[in-house]
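One structure is given below, encoded as structure tokens.
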Amino acid sequence: MDLLSVYQRLLNHFGPQGWWPAETPFEVIVGAILTQQTAWANVEKAIQNLKRQGLLDVHALATASLGRIEECVRCTGFYRQKAARLADVSRYLAEKWGGDLDRFFAQPLEEARKELLALKGVGFETADSILLYAGGKPIFPVDAYTVRMCRCLGIEAKGYEELRAYFEERLPRDVELYKEFHALIVELGKNYCRKNDPRCSKCPLRQKRQK
DNA sequence: ACCCAGGTGGCCC
DNA sequence: GGGCCACATGGG
């Protein structure tokens, strides 16, 4: 089954996901860091905490005390690291780009990606989620669910970059498609691809296509 | 009382 | 380049 068919099936089964759930590009960046190894419901609480504290802003986060940030993001786990990393990223954006994300994303894609990856706490998936959902760049993020799904489909890839290339080479270079497909893969993973899950046999990707 | 969550960095080999 | 491990709270 080719990737577009996989996408179609997931779309038919789950419906449009409308990712990323955020009001601004900066909120995407904050959420991308907070959601690492963390359920989204807890990220939402933390985002609300930050908003209430007036901290969902590049300059505010860049200058806030770590303690204040930690208090807001405690509910997402790894909160000391995450607070420090939010501050780091914000300082980088404030100092190098004057807090102007449009200017940051106006760089050549590979430049922006390198800059993100150079930040502590921003690995491949976080960087690529930011580029896609905050920057609108044609990059396909690969997360643990993507790897699991691919294993089910018999797609064996060695590492992150190889799997990303696999998707980008086989899909139309369409940002909206990338956004929706990645979101659908996460939805699939949350519902059907857990380890040792007997419901695996009910995965929509296994169902016969009904005529 | 487990197990897992929309990962990452540091260390080891 | 891959295989562990710490990081930590919250929900099922």
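By convention in this document, chain letters (A, B, ...) are assigned in the order of the sequence lines, proteins followed by strands, and residues within each chain are numbered from 1.
Here dG2(C) presents its C1' atom at 14 Å from CD of Glu162(A), a figure rounded to the nearest Å. Regarding Glu44(A), its CD atom lies at a distance of 12 Å from the P atom of dG11(C), rounded to whole Å. Nucleotide dC4(B) holds its C1' atom 8 Å from the CD atom of Gln37(A), rounded to whole Å. Between the CD atom of Gln81(A) and the C1' atom of dG10(B) there is a distance of 11 Å, given to the nearest Å. Separating the CD1 atom of Ile185(A) from the C1' atom of dA5(B) is a distance of 18 Å, rounded to the nearest angstrom. To the nearest angstrom, C1' of dG3(C) lies 20 Å from OH of Tyr160(A). The CG atom of Leu117(A) sits 16 Å away from the P atom of dG7(B) (whole-angstrom rounding). The nearest whole Å value for the distance from the CG atom in Asn191(A) to the P atom in dC4(B) is 16 Å.
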Take Thr38(A) and Lys82(A), measure what side chain to side chain contact (heavy atoms under 4.5 Å, CB included) needs, and give me the verdict at the end. CA-CA 11 Å; Thr38(A) 302; Lys82(A) 285 177 179 174; 2.7 Å; yes
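Two residues, Arg80(A) and Gly159(A), neighbour DNA chain C, and the one matched to the more 5' nucleotide by heavy-atom proximity is Gly159(A). Heavy-atom distances to DNA chain B give each of Arg148(A) and Lys120(A) a nearest nucleotide, and the one nearer the 5′ end belongs to Arg148(A). Nearer the 5' end of DNA chain B, as judged by each residue's closest nucleotide, is the contact made by Trp19(A), out of Gly121(A) and Trp19(A). Residue Lys158(A) is the one, among Thr76(A) and Lys158(A), whose nearest nucleotide of DNA chain C lies closer to the 5' end (criterion: closest heavy atom).
Across all strands, Val43(A) comes closer than 4.0 Å to no nucleic acid atom at all (heavy-atom distances). In this structure, Leu34(A) reaches neither bases nor backbone, as no heavy-atom distance under 4.0 Å exists between it and the strands shown.
Between the side chains of Tyr92(A) and Glu115(A), at least one donor-acceptor pair of N or O atoms lies under 3.5 Å. Asn191(A) and Glu187(A) form a side-chain donor-acceptor contact under 3.5 Å, judged by distance and modelled atom types alone.
Looking only at side-chain heavy atoms (C-beta outward), Ser129(A) and Thr35(A) stay at 4.5 Å or farther from each other. Looking only at side-chain heavy atoms (C-beta outward), Val186(A) and Trp40(A) stay at 4.5 Å or farther from each other.
For Thr126(A), counting side-chain heavy atoms from C-beta on, the closest listed nucleotide (dT8(B), dA5(B), dT9(C)) is dT8(B). Among the nucleotides dT8(B), dA5(B), dG10(C), the one closest to any side-chain atom of Lys45(A) is dG10(C). Of the candidates dT8(B), dT9(C), dC7(C), dC7(C) carries the atom nearest the Phe78(A) side chain, counting heavy atoms from C-beta on.
Spacing between dG10(C) and dT8(B) at atom P, rounded to whole Å, works out to 22 Å.
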